Structures are given as structure tokens and as C-alpha cells.
Amino acid sequence: YRQLRKSPQVRLDQIRDGLNRKIIHDQIEKKIADGFTTLQKIVSEYPILDKKQIDLLQKSGMTSDNISTLKNNISFLLEEENVGEEKWIEDCDRLFVQVIDKCAKSLVETYARQVALKTAIIPYGFLDAFTVAVNSVYMVEDLCRLYFVRGGKLQSFLLALKVLFNVFVAAKLEDQI
């Protein structure tokens with residue numbers, strides 16, 4: 001007797017699963033490419049030599065040595081070639097984004113301490129709410145400058161409204177408690 005090779009018997013759902021994996025893989029590659037392009041633009045345009053930016057970085061707890069290290073990291077990232085998009089994004093996260101995140105955390109802590117001190121001194125709830133609102137707007141402005149995010153006038157207005165709404169809700173909750 002002559003034997004035929006056995007069919008692999010691939011099920012239809014396995015074929016669909018393979019196609020879905022291919023689609024997901026292609027989407028991930030596109031998102032990595034988009035992220036790489038966006039991050040490269042942010043890093044290349046980051047105003048590290050700007051006096052206001054240096055003052056903001058120092059306000060967030062960075063020393064002059066840390067700022068010069070950040071400058072060197074930015075230069076390294078801009079000169080880094082042929083490492084692949086994923087590797088560059090990992091390097092950017094480690095050398096740039098994590099440093100800025102640390103500064104942002106320090107900046108938020110500074111504003112939180114200032115607001116706590118100011119609201120402890122002020123005896124009136126309305127002035128407390130006003131103090132929190134003003135400091136929140138300043139904090140968000142500093143964070144946007146720190147991350148080098150520029151919004152339009154409408155976006156800034158909407159962000160300020162959201163901050164004021166949150167302060168209003170917090171004040172009402174405090175009154176109820």
C-alpha cells in the first residue's frame with residue numbers, strides 16, 4: 001500500500017488568529033515608528049539652553065551638574081544612529097523622559113507643600129479655594145513648560161476650567177465633611 005502524508009489539519013480559527021497577530025504586529029510597528037518620530041522631535045526641540053527652562057529645572061530640584069548631564073543625554077540621543085527605533089525609544093526613556101518625570105514629581109511635591117502651608121495659614125475657605133486654584137494653574141503651567149508641551153489658547157482655557165472645577169468640587173466636599 002502506498003501511504004499519503006498526513007494533512008496538518010490547520011483549523012480555520014488558527015488561520016484567523018495568525019492573521020490577527022500579523023495585523024497587531026503591523027499596528028505595533030506603526031505606533032513605534034510614530035512614537036519614535038514624535039520623541040525625536042521633542043528631544044531635538046527641547047529648550048535646554050533657554051534660561052527660563054534652566055530656572056524651571058533648578059526649581060524642580062536639579063543641580064547644575066544634573067542639567068549638564070541632561071544636556072549631554074540630549075546630545076547623545078540626537079547623535080545616536082542606526083540603533084533601531086525600539087532601542088532609541090528605550091534610551092530616550094532612560095536618559096530623558098525619566099529625568100523629566102523625576103523633575104515633575106519634585107515640582108508637584110513643591111507646589112503641594114506650598115499649598116498646604118498657605119491653606120494652613122489662611123482661615124477662610126473661599127481664600128483657601130482661591131489659593132489652591134491659583135497654585136494649581138501655576139503648577140500645570142510649569143509642568144507643561146517642563147515637558148515642553150504647548151497647547152493652544154482654547155486648550156489652556158479648558159485645562160484651567162478643569163482645574164477650577166476640581167478645586168470647586170474639593171471645596172464643596174470639604175464644607176460637607
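Since the structure is predicted, the reported quantities are computational estimates derived from the model, not experimental observations.
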*Asks:* Apply side chain to side chain contact (heavy atoms under 4.5 Å, CB included) to Q40 and T37, showing your working.
*Replies:* CA-CA 5 Å; Q40 218 173 22; T37 305; 5.8 Å; no
*Asks:* How long is the span from the CD atom in E29 to the NE2 atom in H25, to the nearest 0.5 Å?
*Replies:* 4.0 Å
*Asks:* Where is the tightest heavy-atom contact between V43 and C92, given as atom of each residue plus distance?
*Replies:* CG2-SG, 3.7 Å
*Asks:* For Q98, I'd like to know if atom CD has over 12 heavy atoms of other residues, nucleotides or ligands within 6.0 Å.
*Replies:* yes
*Asks:* Would you mind listing every ring-ring contact (aromatic ring centres under 6.0 Å, His included) that reaches into residues 69-89, with sequence neighbours excluded?
*Replies:* F36-W88
*Asks:* Can you check whether I28 reaches I24 side chain to side chain, under 4.5 Å on heavy atoms?
*Replies:* yes
*Asks:* So do L57 and L146 actually touch side chain to side chain, heavy atoms under 4.5 Å?
*Replies:* yes
*Asks:* For residues M62 and I67, report the shortest heavy-atom separation together with the two atoms involved.
*Replies:* CE-N, 3.9 Å
*Asks:* For residues 132-143, dump all side-chain donor-acceptor pairs below 3.5 Å to protein atoms at least two apart in sequence or in another chain.
*Replies:*
residue: N135; atom: OD1; partner: K118; partner atom: NZ; Å: 3.3
residue: N135; atom: ND2; partner: T131; partner atom: O; Å: 2.8
residue: S136; atom: OG; partner: V132; partner atom: O; Å: 2.7
residue: D142; atom: OD2; partner: K59; partner atom: NZ; Å: 2.9
residue: D142; atom: OD2; partner: Y111; partner atom: OH; Å: 2.5

*Asks:* Can V169 be reached from L161 by stepping across I, L, V, M, F, W or Y side chains whose heavy atoms are under 4.5 Å apart?
*Replies:* no
*Asks:* Between S68 and D65, is there a donor-acceptor pair closer than 3.5 Å when you use the side chain of the first and the backbone of the second?
*Replies:* yes
*Asks:* Where is the tightest heavy-atom contact between K87 and V83, given as atom of each residue plus distance?
*Replies:* CB-O, 3.3 Å
*Asks:* Report the C-alpha separation of I100 and L70 in whole Å, then their side-chain angles, then the decisive distance to 0.1 Å, and conclude whether the side chain to side chain contact (heavy atoms under 4.5 Å, CB included) test is met.
*Replies:* CA-CA 9 Å; I100 300 297; L70 182 61; 4.1 Å; yes
*Asks:* Name all residues meeting the salt bridge (Lys or Arg N to Asp or Glu O under 4.0 Å) criterion together with K51; count only those two or more places apart in sequence or in a different chain, and write none if there are none.
*Replies:* D55
*Asks:* Assess whether side chain to side chain contact (heavy atoms under 4.5 Å, CB included) is satisfied between L77 and Y46, documenting all intermediate values.
*Replies:* CA-CA 12 Å; L77 287 169; Y46 196 78; over 6 Å; no
*Asks:* Can you confirm whether more than 12 heavy atoms, excluding those of K162, are under 6.0 Å from its NZ atom?
*Replies:* no
*Asks:* Could you state whether V149 and L154 fall into the same hydrophobic cluster, counting links through intermediate Ile, Leu, Val, Met, Phe, Trp or Tyr residues with side-chain heavy atoms under 4.5 angstrom apart?
*Replies:* no
*Asks:* Out of curiosity, does I74 fall in the hydrophobic cluster containing L49 (side-chain heavy atoms, cut-off under 4.5 Å, transitive links)?
*Replies:* yes
*Asks:* Applying salt bridge (charged side-chain N to carboxylate O under 4.0 Å, His left out), run through D26 and K30 and close with a yes or a no.
*Replies:* CA-CA 6 Å; D26 292 345; K30 183 181 181 327; over 6 Å; no
*Asks:* Between T63 and N66, is any side-chain donor less than 3.5 angstrom from a side-chain acceptor?
*Replies:* yes
*Asks:* As an exercise, state the distance from CD1 of I32 to CD of E85, rounded to the nearest 0.5 Å.
*Replies:* 7.5 Å
*Asks:* What residues, two or more places apart in sequence or in another chain, satisfy salt bridge (Lys or Arg N to Asp or Glu O under 4.0 Å) together with R113?
*Replies:* none
*Asks:* Rounded to the nearest 0.5 Å, what separation is found between the SG atom of C144 and the CD atom of Q155?
*Replies:* 9.5 Å
*Asks:* Using the rule given for side chain to side chain contact (heavy atoms under 4.5 Å, CB included), can you reason through F96 versus L39, listing the C-alpha separation, both sets of side-chain angles and the distance that settles it, and then say yes or no?
*Replies:* CA-CA 10 Å; F96 180 73; L39 276 174; 5.7 Å; no
*Asks:* Answer yes if F130 and F165 sit in the same cluster of Ile, Leu, Val, Met, Phe, Trp and Tyr residues linked by side chain heavy atoms under 4.5 Å apart, and no otherwise.
*Replies:* no
*Asks:* Can you sort out the partners of N166 under side chain to side chain donor-acceptor pair (under 3.5 Å), two or more places apart, ordered by chain and number?
*Replies:* none
*Asks:* Do any side-chain atoms of residues 103-110 form donor-acceptor pairs under 3.5 angstrom with protein atoms, and if so which ones, sequence neighbours left out?
*Replies:*
residue: S106; atom: OG; partner: S60; partner atom: O; Å: 2.7
residue: T110; atom: OG1; partner: S106; partner atom: O; Å: 2.9

*Asks:* Which pair of heavy atoms, one from Q53 and one from R145, lies closest together, and at what distance?
*Replies:* NE2-O, 3.1 Å
*Asks:* Shortest non-hydrogen contact from I48 to K71?
*Replies:* CG1-CG, 3.3 Å
